Number of protein chains: 2
Amino acid sequence: MDKEQLKKKIGQRIVELRSQKGWSQSDLARATGKDRQAMEKLENGKVNPTLYTLLEISKALEVSLNQLVKF
Amino acid sequence: MDKEQLKKKIGQRIVELRSQKGWSQSDLARATGKDRQAMEKLENGKVNPTLYTLLEISKALEVSLNQLVKF
DNA sequence: TTTTAATATGACAAAAATGTCATCTAATTA
DNA sequence: TAATTAGATGACATTTTTGTCATATTAAAA
């Protein structure tokens, strides 16, 4: 798996978990203390997130870190 | 868990998995195509690695990504 | 003791993430 | 229709990671 594929994968996973909660990008942004655009970049595979960003997202989505990267 | 704690945790986890294989930092560096100093920074919690860096490390250590962040 | 291997540290440039702007489209709702 | 909500995009400054130097410390081996 190359970097671009990985970025897409984690983005899709975040969309999947957010959608399961019935949340909008704004809802997730609020829950993480970040802004909508930051969420959009993550979800659309525009960035290669750091571990800490992933931890923050996992907390907001109420899943464990290793569940978030389970793909 | 704050960012500093997380950096320490992932570093300890990498040391743990590398040690289980009986590898030196140089061995891991070679397996990842990076250099010794980069491994040292990771292991000693000096950096907040990106997801792609974690994937490369997990490959070198022959564990899955979600096993690497299982802590 | 001397040499070598392993680990650690500080400095640096280049690349990339983060966070925040404005703005745009599309879909939904009043 | 008009207003609102959701999502997407490009630009930008700031911060940080990444990758690579040189070098220092410690431990092990010859």
Side-chain angles (χ1 to χ4, degrees), chain A, chain B residues 1-63 65-66 68-71:
Chain A
M1 178 149 47
D2 68 18
K3 192 188 282 191
E4 289 309 307
Q5 280 182 289
L6 182 68
K7 287 158 67 175
K8 298 282 186 196
K9 277 275 187 189
I10 188 63
Q12 288 166 3
R13 181 73 174 131
I14 293 168
V15 171
E16 182 186 358
L17 293 167
R18 170 174 67 78
S19 301
Q20 279 176 15
K21 297 182 82 75
W23 282 7
S24 67
Q25 287 181 347
S26 292
D27 292 331
L28 181 56
R30 194 176 314 110
T32 58
K34 301 175 187 297
D35 83 347
R36 277 190 302 283
Q37 287 85 346
M39 295 305 98
E40 186 275 330
K41 285 173 193 169
L42 268 168
E43 293 190 350
N44 291 84
K46 307 274 176 62
V47 292
N48 172 23
T50 63
L51 182 59
Y52 187 62
T53 295
L54 294 173
L55 179 68
E56 293 178 303
I57 297 290
S58 73
K59 271 186 174 173
L61 292 171
E62 297 176 296
V63 297
S64 66
L65 187 54
N66 76 84
Q67 275 181 304
L68 178 59
V69 298
K70 202 165 280 179
F71 54 78
Chain B
M1 178 149 49
D2 68 18
K3 192 189 282 190
E4 289 309 307
Q5 281 182 288
L6 181 68
K7 287 158 67 176
K8 299 282 186 195
K9 277 277 187 188
I10 189 61
Q12 288 165 3
R13 181 73 175 133
I14 293 168
V15 171
E16 182 186 0
L17 293 167
R18 170 175 66 80
S19 300
Q20 280 175 14
K21 297 182 81 75
W23 281 7
S24 68
Q25 287 181 346
S26 293
D27 292 331
L28 180 56
R30 195 175 314 112
T32 58
K34 302 175 187 297
D35 82 347
R36 278 190 301 284
Q37 285 85 347
M39 296 305 99
E40 187 275 330
K41 284 174 193 168
L42 268 169
E43 292 189 351
N44 290 84
K46 308 274 176 61
V47 293
N48 171 24
T50 63
L51 183 58
Y52 187 61
T53 295
L54 294 172
L55 180 67
E56 292 178 302
I57 297 289
S58 72
K59 272 186 174 176
L61 292 171
E62 297 175 295
V63 297
L65 188 54
N66 75 83
L68 177 60
V69 299
K70 202 165 279 177
F71 54 76

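Values below: all heavy atoms of this structure, side chains included; hydrogens, waters and symmetry mates excluded. Being a predicted model, the structure only gives us computed values, none of them experimental. Naming: A, B, ... by sequence-line order, numbering from 1 per chain.
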[X] [atom1] - [N] [atom2] separation (whole Å):
| X | N | atom1 | atom2 | answer |
| --- | --- | --- | --- | --- |
| B/R18 | C/dA8 | CZ | C1' | 12 Å |
| A/Q25 | D/dT9 | CD | C1' | 12 Å |
| B/E43 | D/dT17 | CD | P | 17 Å |
| B/E40 | C/dA11 | CD | P | 14 Å |
| B/L6 | D/dT16 | CG | P | 15 Å |

Practice problem: State, yes or no, whether a side-chain contact exists between A/K21 and A/D27 at a heavy-atom distance under 4.5 Å. | Solution: no
Quiz item: Can you find a pair of side-chain heavy atoms, one from B/I10 and one from B/I57, that are under 4.5 Å apart?
Solution: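 The answer is no, as the side chains (C-beta and beyond) never meet within the 4.5 Å cut-off.
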Quiz item: Along nucleotides 17-26 of chain C, 5' to 3', which nucleotides get a B, which get an S, and which get a -, given that the test is a protein heavy-atom distance under 4.0 Å?
Solution: SSBBBBB---
Indicate the atoms forming the closest heavy-atom contact of [X] with [Y], along with that distance.
| X | Y | value |
| --- | --- | --- |
| A/Q25 | A/R18 | N-NH1, 3.5 Å |
| A/L68 | A/R13 | O-CG, 3.1 Å |
| A/A29 | A/T32 | O-OG1, 2.9 Å |
| B/Y52 | A/N48 | N-OD1, 3.0 Å |

Quiz item: Which part of the nucleic acid does A/R30 contact within heavy-atom distance under 4.0 Å: base, sugar-phosphate only, or nothing?
Solution: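 Here A/R30 touches no strand at all.
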